[in-house]
Engineer: 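Sending over a structure as structure tokens; questions will come in a sec.
Chain A is the first sequence line, chain B the second, and so forth, proteins listed ahead of strands; every chain is numbered from 1.
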Protein chains: 2
Amino acid sequence: MSTSPAQQQRRRRIIDAAVRLAADGGYDAVQMRDVADDAGVALGTLYRYFPSKVHLLVSALASQFEQAEAITERRAIVGDTAHERVMKILGGTTVSLQKQPQLTEAMVRAFMFADASVLGEIEEVGSRLTRMIARAIAGTPDHGEATEEEAAIIRVIADVWMSSLVSWANGRSGAAEVEKSIDVAVRLLLRD
Amino acid sequence: MSTSPAQQQRRRRIIDAAVRLAADGGYDAVQMRDVADDAGVALGTLYRYFPSKVHLLVSALASQFEQAEAITERRAIVGDTAHERVMKILGGTTVSLQKQPQLTEAMVRAFMFADASVLGEIEEVGSRLTRMIARAIAGTPDHGEATEEEAAIIRVIADVWMSSLVSWANGRSGAAEVEKSIDVAVRLLLRD
DNA sequence: CCAAATAATAGAACCTGTTACAACTTGGAG
DNA sequence: CTCCAAGTTGTAACAGGTTCTATTATTTGG
């Protein structure tokens, strides 16, 4: 049941189509029939690859994070304190997400709406995010095991970041407030 | 356009019906036709009161918070430190939410899924939550104005709590982890 | 008390996510 | 090369949220 190159391409075309539709129009504009058409694939095939719209959009988010992670992985993160480094990573990612508000809205809403059936995809997103934060805290490309307390702190930071994106996506708060929330959380959690 | 007693009763019947359906069956079991039937109201009327399923469920959440707030408002919150008091309030509310997992799942998912059109209801929930946390931090029934920093801290705590409930609701984490996340956040944010 | 105006009702209709299914391709195993 | 299992396609059907409409109460200002 390994995936052939043709299948990987299909999968990619589907995600790309979803991202394109989400990028202008947001969550509601990602309509499964349109995604299928855009990707040049039958509706049934789309559902074979992604069992629901939410699976699809969370996978798209995972794919975006994959890119973000790849970029930050290349070189060490500059900054004297853990606080600075984490802000650099999260702030940077936040800014780039905010450049495509509709896309972000679509992916974030899907992520938050996801139920237990999307566990796999959710955990992929979570683990990428966790890894990025952990790396920023450590400041080095290598990943020493985090203590339980550190893991809890990372989880809290991730939670705050995600929640902030939600309230930004639905217009409850602006970019400045997002920045502020994260800054407060990171500064107080990682006093250094 | 003020609401007559009959209308207030209708509104209440509708929310009660939604809560009843959500309590066993969760988000998916709250079907608008069923809510209308259960509340003894026509579908069109239901939509006149609540313009969407999400509005309805977020209003239900607001209504639950209203009760929670009323209860905690009666007497001062016991506990020597702000940390202890906040944990008492949030922990208590968490426990009571966890007693009705399906209901909580329904309301929390709606809250997180809500888009800009639900701003009013969302802000009602947010402000109740904020007020409860602020009161717990202060420890007294009266509400001195919070500083900007305090406000940011409260927002962070609220974010963490909500995110934790999300991951609890979709099975990503258990009650213990929810407790742990909140405890870490509160302890580090309010060192005392 | 009466006539607008406003609200509620029943029911059909519409939209989009999801499922079902029959026919058609394709990529390997033998 | 041939054949089979798995994958793909197109299309129809179903489900539940939402909208619309014609009709019937209910309120309310005069």
Engineer: Run the side-chain donor-acceptor check on residues 49-57 of chain B: report pairs under 3.5 Å with partners two or more places apart or on a different chain.
Structural biologist:
residue: B/Ser52; atom: OG; partner: B/Val54; partner atom: N; Å: 3.2
residue: B/Ser52; atom: OG; partner: B/His55; partner atom: N; Å: 3.1
residue: B/Ser52; atom: OG; partner: B/His55; partner atom: ND1; Å: 2.8
residue: B/Lys53; atom: NZ; partner: B/Tyr27; partner atom: O; Å: 3.0
residue: B/Lys53; atom: NZ; partner: B/Val30; partner atom: O; Å: 3.0
residue: B/His55; atom: NE2; partner: B/Ser117; partner atom: O; Å: 3.0

Engineer: State which of C/dA8, C/dT9, C/dT19 makes the closest approach to the side chain of B/Gln7.
Structural biologist: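 Of all the options, the side chain of B/Gln7 is nearest to C/dA8.
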
Engineer: DNA chain D: B/Ala6 or B/Asp28, which has the more 5' nearest nucleotide?
Structural biologist: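 Here B/Asp28 is the residue nearer the 5' end.
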
Engineer: Do you know which two heavy atoms are closest between B/Arg85 and B/Ala136, and how far apart they sit?
Structural biologist: NE-O, 2.8 Å

Engineer: Just one of B/Arg20, B/Arg12, B/Arg13 clears the side chain to side chain donor-acceptor pair (under 3.5 Å) bar with B/Asp16, so which one?
Structural biologist: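 When side chain to side chain donor-acceptor pair (under 3.5 Å) is applied between B/Asp16 and each of B/Arg20, B/Arg12, B/Arg13, only B/Arg12 qualifies.
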
Engineer: Using heavy atoms and a sub-4.0 Å distance, could you list which residues of residues 29-38 of chain A are near DNA chain C? By number, please.
Structural biologist: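 Those residues whose heavy atoms fall under 4.0 Å from DNA chain C, taken from residues 29-38 of chain A in numerical order, are A/Val30, A/Gln31, A/Met32, A/Arg33.
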
Engineer: Can you list, in residue-number order, the parts of residues 50-62 of chain B that come under 4.0 Å of DNA chain D, counting heavy atoms only?
Structural biologist: B/Ser52, B/Lys53

Engineer: Under 3.5 Å, side chain of A/Ser163 to main-chain N/O of A/Val160, donor-acceptor pair present?
Structural biologist: no

Engineer: Below 4.5 Å, heavy atoms only, C-beta onward: do A/Val186 and A/Asp183 meet side chain to side chain?
Structural biologist: no

Engineer: What string of B, S and - do you get for nucleotides 21-30 of chain C, 5' to 3', if B is base contact, S is sugar-phosphate-only contact and - is no contact with any protein heavy atom under 4.0 Å?
Structural biologist: ----------

Engineer: Within the distance-only criterion (no hydrogens, no angle test), does the side chain of A/Glu150 pair as donor or acceptor with the backbone N or O of A/Thr147 below 3.5 angstrom?
Structural biologist: yes

Engineer: Toward the 5' end of DNA chain C, which comes first, B/Arg10 or B/Leu43, by nearest nucleotide?
Structural biologist: B/Arg10

Engineer: Are any of the side-chain nitrogens in A/Glu123 or B/Arg172 under 4.0 Å away from the carboxylate oxygens of its partner?
Structural biologist: no

Engineer: Are side-chain heavy atoms of B/Arg128 and B/Glu124 found at a separation under 4.5 Å?
Structural biologist: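 Result yes, sub-4.5 Å side-chain heavy-atom pair found.
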
Engineer: Which part of the nucleic acid, if any, lies within contact of A/Arg48, taking any heavy atom under 4.0 Å across all strands shown: a base, the sugar-phosphate backbone alone, or nothing?
Structural biologist: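 Base contact.
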
Engineer: Given C/dA10, D/dT8, C/dA7, which nucleotide is nearest the side-chain atoms of B/Ala42?
Structural biologist: C/dA10

Engineer: Do B/Ile157 and B/Leu90 have side chains that approach each other closer than 4.5 Å (heavy atoms only, starting at C-beta)?
Structural biologist: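 They are in side-chain contact.
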
Engineer: Quickly work out the B/Tyr27 OH to C/dG17 P distance and round it to whole Å.
Structural biologist: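 Interatomic distance, OH of B/Tyr27 to P of C/dG17: 13 Å.
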
Engineer: Using a strict cut-off of less than 4.0 Å between a Lys/Arg side-chain nitrogen and an Asp/Glu carboxylate oxygen, indicate whether B/Arg187 and A/Glu149 qualify as a salt bridge.
Structural biologist: yes

Engineer: Suppose we screen for side-chain hydrogen bond (donor to acceptor under 3.5 Å, both in side chains). Which residues come up paired with A/Ser59, at least two apart in sequence or across chains?
Structural biologist: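 In terms of side-chain hydrogen bond (donor to acceptor under 3.5 Å, both in side chains), with neighbours along the sequence ignored, A/Ser59 is linked to no residue.
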
Engineer: Any side-chain heavy atom of A/Met162 within less than 4.5 Å of one from A/Val125?
Structural biologist: yes

Engineer: Taking the side chain as every heavy atom from C-beta outward, state whether B/Glu84 and B/Val78 have any atom pair closer than 4.5 Å.
Structural biologist: no

Engineer: Closest approach to the side chain of B/Tyr47, judged atom by atom: which nucleotide of C/dT9, D/dT9, D/dT19 is it?
Structural biologist: D/dT19

Engineer: Residues from residues 105-123 of chain B sitting under 4.0 Å of DNA chain C, heavy atoms only?
Structural biologist: none

Engineer: Between D/dG10 atom P and A/Leu46 atom CG, what is the distance in whole Å?
Structural biologist: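 Distance check: A/Leu46 CG to D/dG10 P gives 13 Å.
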
